[in-house]
Protein chains: 2
Amino acid sequence: MPGGQDKLTRTTVRTITDLARLAGVSPGTVSRALAGKSLVNARTREKIVDLARTHGFRPNQMASGLRRQKTGVIGVAIPLGHDVRQQISDSFFMTLLGLLADELTDKGYDLMLRRVVPDSDPDWLDRFIGSGMIDGVIVIGQSDQFDRIEDVADGYRAMVVWGNHQEGQRHCVVGTDNRLGGRLAAERLIAAGARRLAFLGDTGPMEFAARFAGAQDIAARMGLPPVLALPTHLSPDRASEEIARHIAQAGRAIDGIFAATDTLAALCLTQLRAQGLRVPDDVRLIGFDDLPIARQTIPALTTVRQDIAAGAHGLVDLLLRRLAGESTESLVLPPELAIRETA
Amino acid sequence: MPGGQDKLTRTTVRTITDLARLAGVSPGTVSRALAGKSLVNARTREKIVDLARTHGFRPNQMASGLRRQKTGVIGVAIPLGHDVRQQISDSFFMTLLGLLADELTDKGYDLMLRRVVPDSDPDWLDRFIGSGMIDGVIVIGQSDQFDRIEDVADGYRAMVVWGNHQEGQRHCVVGTDNRLGGRLAAERLIAAGARRLAFLGDTGPMEFAARFAGAQDIAARMGLPPVLALPTHLSPDRASEEIARHIAQAGRAIDGIFAATDTLAALCLTQLRAQGLRVPDDVRLIGFDDLPIARQTIPALTTVRQDIAAGAHGLVDLLLRRLAGESTESLVLPPELAIRETA
DNA sequence: ATTCCTGTTGCAATCGTTTGCAAGATAGTT
DNA sequence: AACTATCTTGCAAACGATTGCAACAGGAAT
């Protein structure tokens, strides 16, 4: 039964040496043949490649990585600083991750995902980099780890970070211009008739702080009272009740809400309705991200769009350039207003 | 300046041999000390561990993996068979992925993510397994690769799959009882007053086919007309117009819609409203998954809950058991009705 | 003093692949 | 016939950590 025999021989060819024996050449030649180097005779190469295919041989990437000092793997770290539980399941990060996987695959890299809790493991970034398992690292979100990332950036070039750009920072970052996004949001709320603005969300993370600051810029410029900060957690369960409380307390004293993310905006919309406030008549509402959910709420959510695909592309592109030795500037993406029904 | 000197020495200690020289012992001893083996003198160990810490030494995992023939990495493959673009950003899979990352991290494993397109790379699973980079593999979704997975399962034990359980299958699977879920959904629609049911979604993937079949079971048992299949793609843009068309065509001929996922249900809700159909008065609607979005729609979505956390836990638990040599049964999780406002 | 433990340590082979160097083969030149 | 070139190939040393085995020290037992 040829099938059985195939299976049998297949299992015996595990190493390049096995294959070499089979082909009657040395391991070195096999290695060169499979790598497609020009130093090996065309007929020999063909024979080897054939044998490799029929026996389902795959070179061991660990050994190869060790010898070549490169692994073909890019690490993706998600630091969970502020709100441990939530962020990794946050739609925005997940979407970005999916797109990153696509981009990296296209470029022939594998992706090693690591969720880290900096509070319980302050050494997370060095550990990841020093593991020898990855050729470079993409950090998704600065969280509250800006300083640590800066420290590492001095001695390690193969790193790109998704996040907010700070004047004079040393690590290479890709991200939306959050402050500008905040301005756009506030301007839109005002154009829709709002005068007393509020910002819904934790202002701790840099990205959010910048969005908040952008809104403040506009409020100040227009001579309006300062934007009221309504802090919340990110996890839906806690956020919901916090939002409910905020609205009950400040509800009629404000007429325009800028939510830090679409997810929060959607929750907010539900709570506003539950407390009898009409959107956008009583309160204008604007989100951030332009996630799919923004089109699905009723009324549909006006929001500030981040171009996630461009972000993923930029992260990978910059990282690969850095791996090739180039030094690269940070990439700041322009946000864009997506006007729908809530403001 | 001690800081500078620190940094300098730090960069020089890259290998276990460097550290050995510094500690005045042999590399073997260092290895044993860092691994916490009992064969090394307590004082020596302490000294070595101290040196390692102050110099920020991290053993190279590639080398370690090569020698020990285990890597500490679990592969997670997401086959994109049916609808290439969408699935990886599908909320359900992303949530599952996040939870898997948590579970694996807890157990001390890293996660290597690979999105594969079986149509363009029929060899995807063997390639992943044979790469030597992973100790085991979790496949998220059988997609249309059931047979290939079955083939591999015969010769490779370190694999667990998220998906649908088939009578007599050979690979170890964790998943919700989709057929039962379909029954629950149909029963609920009927209890809410529906008589002419439709199933919204592609019935190609096994999970969806089982949900559809479950609904058919009930329709047949109750003597109702067969459930109408309304096929759609999964990507939101295409799905939206397809749903609109379905509703325009079949709209008033049906009074109960069972959507294959909450995401589709949410889109459907929007389209129903756009076409002037009231939910649940004119049409009852039920989803599947119980994603966060199910609570955020208006009216809130009735749905069939999958316990994603239990799924992630089960996948990791079974895989680790298999790595330890146990042979394990598949795990079928019971779905649960989450009754809200749409049915 | 000799023998036998027990507890530590070093030595060197090993994991599987890659690659610089040198040797062998073949063809082409004078 | 001798001598270059040009291709191919094999040899063996890496990459860095682990581990079986042997060796050594010091103490206890005889």
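First the proteins, then the strands, lettered A, B, ... as listed; each starts at 1. Because the structure is predicted, anything quoted here is derived from the model rather than measured.
If one axis is set at each end of the helix from C/dA1-D/dT30 to C/dT30-D/dA1 from five pairs, those axes are 70° apart, to 10°.
Residue pairs meeting the side-chain hydrogen bond (donor to acceptor under 3.5 Å, both in side chains) criterion with at least one member in residues 69-80 of chain B, sequence neighbours excluded: B/Thr71-B/Asp135. Counting only residues at least two apart or in different chains, side-chain hydrogen bond (donor to acceptor under 3.5 Å, both in side chains) contacts with residues 42-52 of chain B comprise B/Asp50-B/Arg53. Listed by first then second residue, pairs satisfying ring pair (Phe, Tyr, Trp, His ring centres under 6.0 Å) with a partner in residues 96-134 of chain A number zero, not counting sequence neighbours.
By the side chain to side chain contact (heavy atoms under 4.5 Å, CB included) test, A/Ala35 is found to be paired with A/Lys37, residues two or more places apart in sequence or in another chain being considered. Take A/His171 and apply the ring pair (Phe, Tyr, Trp, His ring centres under 6.0 Å) test, not counting sequence neighbours, and it matches A/Phe146. For B/Thr105, the side chain to side chain contact (heavy atoms under 4.5 Å, CB included) criterion is met by A/Arg115, not counting sequence neighbours.
Non-hydrogen atoms lying under 4.0 Å from DNA chain C are contributed by B/Gly24, B/Val25, B/Ser26, all within residues 18-28 of chain B. If you check residues 66-73 of chain A against DNA chain C, the residues with a heavy atom closer than 4.0 Å are A/Arg67, A/Arg68, listed by number.
Between B/Thr17 and the phosphate of D/dG16, there is no side-chain N or O to OP1/OP2 separation shorter than 4.0 Å. For D/dT9, the OP1/OP2 oxygens have a side-chain nitrogen or oxygen of A/Thr44 closer than 4.0 Å. Proximity of A/Lys37 to the phosphate of D/dT8: no side-chain N or O atom is located under 4.0 Å from OP1 or OP2.
Each of B/Ser31 and A/Asn41 was matched to the nucleotide of DNA chain D holding its nearest heavy atom; the match closer to the 5' end belongs to A/Asn41. In terms of position along DNA chain C, the nucleotide closest to B/Val40 lies nearer the 5' end than the nucleotide closest to the other residue of the pair B/Val40 and A/Ala63.
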What protein N or O atoms touch nucleotides 20-25 of chain D N or O atoms at under 3.5 angstrom, if any, and at what distances?
residue : atom : partner : partner atom : Å
D/dG20  : O6   : B/Arg32 : NH1          : 3.3

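The backbone N or O of B/Thr15 sits less than 3.5 Å from a side-chain atom of B/Asp18, completing a donor-acceptor pair. Panel note: side chain B/His55, backbone B/Leu51; a donor-acceptor pair is recorded below 3.5 Å. Counting only distance, with no hydrogens or angles, the side chain of B/Gln169 and the backbone of B/Gln166 share a donor-acceptor pair below 3.5 Å.
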Side chains of residues 57-65 of chain B: which donor-acceptor partners sit under 3.5 Å, not counting sequence neighbours?
residue : atom : partner  : partner atom : Å
B/Arg58 : NH2  : A/Asp123 : OD2          : 2.3
B/Asn60 : OD1  : B/Met62  : N            : 2.7
B/Asn60 : OD1  : B/Ala63  : N            : 3.1
B/Ser64 : OG   : B/Arg68  : NH1          : 3.1

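Side-chain contact between A/Val316 and A/Lys107 is present, with heavy atoms from C-beta onward closer than 4.5 Å. Using a 4.5 Å heavy-atom cutoff, the side chains of A/Val173 and A/Trp162 are not in contact. Taking 4.5 Å as the limit, some side-chain heavy atom of A/Val160 sits within range of a side-chain heavy atom of A/Arg322.
With a 6.0 Å radius and a threshold of 12 heavy atoms from other residues, nucleotides or ligands, A/Arg127 has its CZ atom at or below the threshold.
Between the side chains of B/Arg321 and B/Thr328, no donor-acceptor pair of N or O atoms lies under 3.5 Å.
Reading DNA chain C from its 5' end, the first and the last nucleotide to sit under 4.0 Å from a heavy atom of chain B are C/dT8 to C/dG16.
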